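For the numbers below, each heavy atom of this structure counts, side chains included, while hydrogens, waters and symmetry mates do not. Numbered from 1 within each chain, the chains take letters A, B, ... in sequence-line order. Predicted, not measured: the structure shown is a model, and the values here were computed from it.
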Amino acid sequence: MTADATPRSDFIRDKIEKDNASGKFGGRVATRFPPEPNGYLHIGHAKSICLNFGIARDFGGVCHLRMDDTNPTTEDVEYVDAIVRDVKWLGFDWGEHQYFASDYYPYLYDGAVRLIEKGLAYVCDLTLDEVRKTRGTIKEAGTPSPYRSRSVAESLDLLARMKKGEFAEGSHTLRAKIDMASPNLKMRDPLMYRIKHAHHYRTGDTWHIYPIYDWAHCLSDAKERITHSICTLEFENNRELYDWYLNAVDAPWKPGQTEFARLNLSYTVMSKRKLLELVESKLVSGWDDPRMPTLAGFRRRGFTPASIRSFCDKIGVARADNTVDVALLEYAIREDLNTTAPRVMAVLKPVKVVIDNYPADQSEEFEAPYLPDDPTKLGARKVPFCRELYIERDDFMEVPAKKFHRLAPGAEVRLRWAYLITCRSVVKDAAGEITEIHCSYDPATRGGNTPDGRKVKGTIHWVSARHAFNAEVRLYDRLFKDEKPGDAPEGTPLAALLNPRALEVVKDAKLEPSLVAAAAGQNIQFERLGYFFVDPVDSKPGKPVFNRTVPLKDAWARIVKAEGAAAPAG
RNA sequence: UGGGGCGUCGCCAAGUCUGGUAAGGCACCGGAUUUUGGUUCCGGCAUUCCCAGGUUCGAAUCCUGGCGCCCCAGCCA
């Protein structure tokens, strides 16, 4: 177990403390994170991972990583590899405790035989449709299967032959004999095994029957001597079955199930089905598309493991349905990167500035700290300067709006780390578009200092035109238009819900030269713009590609919005 | 014949068992500092806890009755 040993509490930890106090599990604490390898892990899983591994850490227990692989038709090694990679990346370690439900198939089969022998399970020949019809409804009891009273010997024989593959899919199932009139539908003779003549990614073709979740899960927990089996709210009705199976097989170790509310995040979806659909329909570039709420997506977007752990701490654990504001996640990553990410300069939407009183053949360098708030921490780099520069188009307004204190005709601003400049005139093309902003600089303000003590309201970033290099920068935004895309009517195509501006590619941003050496996988801040990440997939040595992790908070944007103030000129 | 859960500030969430007079975070709104309109700092932000009755000196907490939302009828997990 690793990471952030901040003590915290929630209803599950409280329960564990009580269990420990009463000696319920002999003081043992063993949890497990049990993903099914049929998709990539998302931020909702991170909540569960932090909970399960965090509890093990806090109570000096263990947390197992178990692949809950009971359905051969949807599972794949690609997914188990991705899961292992992602949990490790998040910062957790399960030691030797990596398990597979598929390794328990023989043990599960033995348990099934025992239930039949005890008269607690039977092989049923009803078709899928017949099972559905006889299950009854929410308000009406179901009716017993005609095969319910089949002899033990016959069920035993049939199960053995099902296992050998003698029957067609759907022709037989193994069912627990519980109560067809139970108000809890999960207890109406639930299925334990179904026939599937499918190749399993781990057990190959050795099995023709595969266990249903409820049967496999509780026995897997028991086998691993889990104490607290933590899952999400939708399994609440399954808890009665969980306990029933454990009693039915006389399990020597009986874990207890506890449910908590799964995480929903605004402006995205968490359903594995929908995420798979996004990937398969190519609406995104893959599971690791930086717009995806998958851990792989967040990683490639530039989120750090610490920021996601911090986020999971902040959201808490409770039993009420919830949708957490993405703003909290954005806060968590800014909080982390603020003290660690080197500051550099890049101009995304450039407009040229010409310093008329600066000699054309001259140039000089300024020393600029990577972390101005803590200058010794990351050192500094040299930033070249010359007569022609690029600045952000948004940092100039020919007719400045109220409270706009950036560059405008006659106005003076500071070029970060360089000089104070004053705008003297602009040059426009035939279409009226500004092509050059002519300025003068004050040689006495070298380094951006004002020896005479005069105040300048604005400091803007810039890049030397002669020394800049071009790079691709990808500006990411929220994937969906609506705060709760999951609330869209059933059947709404995902494509119709996507935010068309979730990705804007800037092909030729102007970057300061130090960035040519930016290493893949590095987090940086483009000053005044946001935090960016050197894309580990598409970057080449000397040719980095940048992904915007999250923009900086923008007080000016809020003023513009509040005052209905001018759209940026230029 | 229905069962299981949940409702505390715009979003999360303590507090509910063991009544004592609404933590904290995000967001938002000020104001100070600032060579990032960033950061940091300081201040504001629920007379009220889904609603209505009741018990009590006192109720978010206890009782009664409503209302709203979520989950369960996959041979998915």
Side-chain angles (χ1 to χ4, degrees), chain A residues 9-11 34-36 38 68-71 73-74 124 126-128 131-133 135-142 169-175 181-188 190-196 209-210 212-214 216-217 231-240 259 261 263 266 272-273 311 313-332 334-335 338-339 343 345 368 372-373 403-406 414-418 420 445 447-450 456-461 483 525-530 551-559:
Chain A
S9 192
D10 53 65
F11 79 97
E36 183 190 12
N38 67 347
D68 207 0
D69 52 357
T70 56
N71 187 348
T73 56
T74 57
C124 179
L126 256 26
T127 64
L128 202 171
V131 168
R132 185 180 299 139
K133 287 202 172 89
R135 184 148 32 218
T137 70
I138 248 160
K139 301 202 184 248
E140 299 157 35
E169 288 189 10
S171 62
H172 302 271
T173 56
L174 181 70
R175 295 230 256 165
S182 171
N184 181 353
L185 305 232
K186 297 286 182 205
M187 299 297 279
R188 321 243 263 223
L191 267 58
M192 295 169 66
Y193 276 102
R194 75 288 213 186
I195 297 172
K196 273 182 189 283
I209 56 173
Y210 291 90
I212 292 308
Y213 166 81
D214 293 285
H217 204 87
C231 63
T232 45
L233 248 26
E234 66 270 26
F235 291 100
E236 222 161 346
N237 296 320
N238 301 56
R239 188 173 63 231
E240 191 180 356
E259 313 84 17
L263 168 70
S266 61
K272 268 193 181 181
R273 202 209 87 225
F311 169 75
D313 285 346
K314 292 176 203 300
I315 60 178
V317 180
R319 289 175 65 87
D321 292 339
N322 63 84
T323 302
V324 175
D325 192 338
V326 262
L328 185 58
L329 217 209
E330 293 173 349
Y331 173 82
R334 288 194 193 104
E335 182 187 40
N338 179 44
T339 56
R343 269 61 168 176
M345 293 195 285
D373 291 335
K403 297 183 186 172
F404 181 83
H405 44 249
R406 276 113 94 148
R414 169 165 34 239
L415 293 178
R416 174 141 250 218
W417 310 124
L420 268 58
T445 59
N449 301 302
T450 52
V456 262
K457 281 186 245 162
T459 297
I460 64 176
H461 60 279
E483 189 174 347
Q525 183 194 102
F526 288 164
E527 286 206 77
R528 303 210 306 132
L529 297 176
L552 255 29
K553 282 198 1 188
D554 188 348
W556 170 242
R558 251 177 287 147
I559 293 169

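For B:G38, neither phosphate oxygen OP1 nor OP2 lies less than 4.0 angstrom from any side-chain nitrogen or oxygen of A:R528.
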Open item on the list: I'd like to compare against my own output: the B/S/- annotation of nucleotides 68-77 of chain B with a strict under-4.0 Å heavy-atom distance to protein.
Closed with: --SBBBSBSB

- [ ] Encode nucleotides 25-32 of chain B as B, S and - characters from 5' to 3', where the letter depends on protein heavy atoms closer than 4.0 Å: B to the base, S only to sugar-phosphate, - to neither.
- [x] -SSSS---

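For the pair A:R319 CZ and B:G15 P, the interatomic distance rounds to 14 Å; values are reported in whole Å. The nearest whole Å value for the distance from the CG atom in A:D554 to the P atom in B:U36 is 15 Å. Following rounding to the nearest Å, A:R343 (CZ) and B:U34 (P) show an atom-to-atom distance of 18 Å. For A:E527 and B:G37, the CD to C1' distance is 13 Å, given to the nearest whole Å. Rounded to whole Å, atom C1' of B:U39 lies 11 Å from atom CZ of A:R416. Distance CG (A:N322) to P (B:C11): 12 Å, rounded to an integer number of Å.
For the C1' atoms, the distance linking B:C51 with B:C67 amounts to 7 Å, nearest Å. Atom name P, nucleotides B:U18 and B:G24: the rounded distance is 27 Å, in whole Å. Distance check on atom P: B:G31 versus B:G20 gives 40 Å, rounded to whole Å. Separating the C1' atom of B:A59 from that of B:U8 is a span of 14 Å, rounded to the nearest Å. Taking atom P in both B:U36 and B:C26, the straight-line distance is 22 Å, to the nearest Å.
Sequence order on RNA chain B of the closest nucleotides to A:R406 and A:G316 puts A:G316 first from the 5' end.
Because its glycosidic torsion is within 90° of 0, B:G74 is reported here as syn.
Figure legend. B:U33 is base-paired to no nucleotide; pairs are counted as Watson-Crick or G-U wobble with both atom distances under 3.5 Å. Under the Watson-Crick or G-U wobble criterion, with both distances below 3.5 Å, B:G2 is paired with B:C72. Figure legend. B:G65 is base-paired to B:C51; pairs are counted as Watson-Crick or G-U wobble with both atom distances under 3.5 Å.
Contacts of A:F526 with the nucleic acid, taken as non-hydrogen atoms under 4.0 Å apart, are absent. Contacts of A:V456 with the nucleic acid, taken as non-hydrogen atoms under 4.0 Å apart, are absent. Contact annotation for A:E240: no contact, since no heavy-atom pair falls under 4.0 Å across all strands.
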